[in-house]
Amino acid sequence: LDLAKVYSEALEVIGRVDPRARDELLGELGQFEESLKIKLAKDIFESLGDVWRVYNPPTEGGLVVTGLTAVVNLRDRDRLVAANGKLVLSALFGGAADRIGGRRRPGPQIGQFTFGPHTIFYLKYAGWGVPFAPAWCITEKELVAALSPQNVKAYLSRTETGGSLADVPAAAGLFTDEAPMGLAYCDT
């Protein structure tokens with residue numbers, strides 16, 4: 001899934017259906033991008049690869065979607081790290097403005113902590129009653145994202161124990177002509 005292409009095509013489809021809605025959406029996105037000093041498509045979407053691994057392991061909180069984790073290879077790590085830095089800085093100053101301005105309910109804040117050689121970032125929703133703390137980590141080669149920091153830590157804690165599921169003889173034949181869009185495995 002190439003997120004940059006999906007974004008571009010979605011804007012094109014919206015423009016064909018309702019050009020004014022597309023212009024309004026681009027205006028809103030432009031304000032959002034200006035406030036964060038990043039460009040979603042260029043700085044984030046184009047930085048990500050097009051091979052995603054999304055899973056929900058029962059051993060890591062997989063009740064319904066609580067263990068949901070996504071991992072994507074990176075095309076441009078440096079650009080993504082720079083965009084993440086701007087996002088964190090913007091959240092820091094936005095949080096300070098909330099405290100100084102005396103808003104009743106501050107917006108989400110970004111927290112971070114070190115786990116081994118990695119920095120894990122997560123959203124904090126003080127006073128919102130949100131049961132998730134979406135988290136992400138940019139490694140040397142991947143972006144790891146999950147609904148909780150624990151799932152990011154679980155992924156980062158894994159050691160290489162074997163090859164890909166695509167290397168198993170029963171599945172390998174599926175990868176000879178065309179790469180499948182998805183592959184599921186159920187260990188009963």
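Just so we're clear, the structure is a prediction, and the values are computed from it rather than from any experiment.
- Residues L74 and L143 have side chains in contact (heavy-atom distance under 4.5 Å, counting atoms from C-beta outward).
- Considering only heavy atoms from C-beta on, F45 stays 4.5 Å or farther from V6 through its side chain.
- With a 4.5 Å cut-off on side-chain heavy atoms, Y7 and I44 do not count as touching.
- For the pair N73 and E142, the tightest heavy-atom approach, listed with the atom from each and the gap, is OD1-CG, 3.7 Å.
- Looking at R75 and E46, no side-chain N of the basic residue comes within less than 4.0 Å of a carboxylate O on the acidic one, giving no salt bridge.
- Counting heavy atoms from C-beta on, the side chains of T69 and N56 never come closer than 4.5 Å.
- A donor-acceptor distance shorter than 3.5 angstrom exists from the side chain of R77 to the backbone of T139, with no hydrogens or angles considered.
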Problem set entry | Check against side chain to side chain contact (heavy atoms under 4.5 Å, CB included), L87 and F121 | CA-CA 11 Å; L87 180 67; F121 301 90; over 6 Å; no

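- Side-chain contact between L40 and F32 is present, with heavy atoms from C-beta onward closer than 4.5 Å.
- Counting only heavy atoms from C-beta outward, the side chains of L80 and D43 never approach each other to under 4.5 Å.
- Residues Q112 and Y122 approach most closely at N-CE2, 3.5 Å, considering heavy atoms.
- The minimum heavy-atom distance between C137 and T119, with the atom names listed, is SG-O, 3.4 Å.
- When atom types are taken as modelled, the side chain of R22 and the backbone of L11 share a donor-acceptor pair closer than 3.5 angstrom.
- Counting heavy atoms from C-beta outward, L123 and W136 have side chains that approach closer than 4.5 Å.
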